[in-house]
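Contents: one structure, followed by commentary.
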Protein chains: 2
Amino acid sequence: MAEVAGGESLLFLTDEQLRKGIEAMFFAYRGFTADPDRILEGLDYGRAHHRAVHFIHRSPGTTVSNLLAILGVTKQSLNRVLRTLIDDGHVKSEKGKADARERHLFLTEKGEALERALSDAQRARMRAAYRAAGPAAVAGFRQVLEAMMDPEMRSQYNRLRDGG
Amino acid sequence: MAEVAGGESLLFLTDEQLRKGIEAMFFAYRGFTADPDRILEGLDYGRAHHRAVHFIHRSPGTTVSNLLAILGVTKQSLNRVLRTLIDDGHVKSEKGKADARERHLFLTEKGEALERALSDAQRARMRAAYRAAGPAAVAGFRQVLEAMMDPEMRSQYNRLRDGG
DNA sequence: GAATTTACGTCAGCCTTGTTGACTTTCCAA
DNA sequence: TTGGAAAGTCAACAAGGCTGACGTAAATTC
């Protein structure tokens, strides 16, 4: 940070550097989703299903409203996906005990197996990238990504992170 | 890297760390696209238009096939987007002189202005994130993203990068 | 106890952006 | 010169976003 203030390393803020960062995000995100996409393809599922499964696994018993806030989609859109996941026996939905209006969402055994298949694929790539780049790079990676989030997303992210 | 081999810092490869990285990618990508999306909203354009405009700006005179390889979509899909951009006067398409089957793509004045508006918005966020994280973090960020790409995407990325 | 609000589900219909299939035009090589 | 490959276009379909309207049950407020 001292170098930055001193002006020595401001090259990392040139438009050219920023463009490279933008393209890196674009190409990397494609890689990031490629492996789970391949698995989902055979199941008539898409990324939307993956996201739902991921966050239900992450926060078992979460409500529909919670999921809506995290995923940032409309309830109609989420409902379509949730409907198929429930019908296929990957997710179960239980009426809330304290508040019976809420539905608490859980993965079934089958759903957990699906989640494992998807996240194993994604983690394998992530692990390879982390290993190739090393711990210092990983710390920087996380710092930049966190700074790139919208504040509300960041608090969602931190809530999940701290909850873990 | 020495610490990694020594085993001291292998904590960065735990499943929990990897999950955090995965969620960071998810939330950060949303932020990454949020600003341009807001601009596109008013214009009946979507992200596909943004991507096309970005890469035509980046490589003026590129052919449809080139763009296809970079964007990783079908030519029919790209064509629809290109059609509207051409009709709206943002892009012009010229028959190749050497090979008349090819179309070479360029941004018009109007297209350049659109590109500037979109990339200004995206760069502003990127710049803020870079500034907040500092140059060392940025280097790590780029390293991890590059390692996350598919090999073919990585060579596309490097081709663009070196060309600059 | 009635009225309002909240949480969720669903129907209908739209848009963007992916897909495949069939087609033309153009180039090149056998 | 002709037949195949490459580049691009048109048509039609699907996934998954979106909005709007409406219904129902449960909770909360007046």
Between the protein and nucleotides 14-17 of chain C, which nitrogen or oxygen pairs are less than 3.5 angstrom apart?
| residue | atom | partner | partner atom | Å |
| --- | --- | --- | --- | --- |
| dT17(C) | OP1 | R47(B) | N | 2.6 |
| dT17(C) | OP1 | A48(B) | N | 3.2 |
| dT17(C) | OP2 | H49(B) | ND1 | 3.1 |

Indicate yes or no: does [X] engage [Y] in a salt bridge with an N to O separation below 4.0 Å.
{"X": "R123(A)", "Y": "D15(B)", "value": "yes"}
{"X": "R127(A)", "Y": "D120(A)", "value": "no"}
{"X": "R19(A)", "Y": "E16(A)", "value": "yes"}

Take the protein atom [atom1] of [X] and the nucleotide atom [atom2] of [N], then report the distance between them rounded to whole Å.
{"X": "D37(A)", "N": "dT19(C)", "atom1": "CG", "atom2": "C1'", "answer": "14 Å"}
{"X": "R101(B)", "N": "dG8(D)", "atom1": "CZ", "atom2": "C1'", "answer": "11 Å"}
{"X": "D99(A)", "N": "dA26(D)", "atom1": "CG", "atom2": "P", "answer": "10 Å"}
{"X": "L82(A)", "N": "dA7(C)", "atom1": "CG", "atom2": "P", "answer": "17 Å"}
{"X": "K75(A)", "N": "dT10(C)", "atom1": "NZ", "atom2": "P", "answer": "11 Å"}
{"X": "Y29(B)", "N": "dG17(D)", "atom1": "OH", "atom2": "C1'", "answer": "15 Å"}
{"X": "L78(B)", "N": "dT19(C)", "atom1": "CG", "atom2": "P", "answer": "11 Å"}
{"X": "N66(B)", "N": "dA7(D)", "atom1": "CG", "atom2": "C1'", "answer": "12 Å"}

For DNA chain D, whose closest nucleotide is more 5', that of I86(B) or that of A98(A)?
I86(B)
Work out which heavy atom in L114(B) is nearest to a heavy atom in V53(B); give both atom names and the distance.
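Taking every non-hydrogen atom into account, CD2-CG2, 4.4 Å.
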A52(A) and L85(A) have their tightest heavy-atom pair at CB-CD1, 4.0 Å
Counting only side-chain N and O atoms of [X], is one of them less than 4.0 Å from OP1 or OP2 of [N]?
{"X": "N79(A)", "N": "dG9(C)", "value": "yes"}
{"X": "S65(B)", "N": "dG8(D)", "value": "yes"}
{"X": "R83(A)", "N": "dT10(C)", "value": "yes"}
{"X": "K95(A)", "N": "dA7(C)", "value": "no"}

The side chain of A100(A) is closest to which nucleotide in this list: dC27(C), dG8(D), dA27(D)?
dA27(D)
Check: dG16(D) base within 3.5 Å donor-acceptor of Q76(A) side chain:
no
Say whether E115(B) and H54(B), considering side chains only, have a donor N or O and an acceptor N or O under 3.5 Å apart.
no
Angle between ring planes, F55(A) versus F26(B), binned at 30° and 60°: parallel, tilted or perpendicular?
tilted
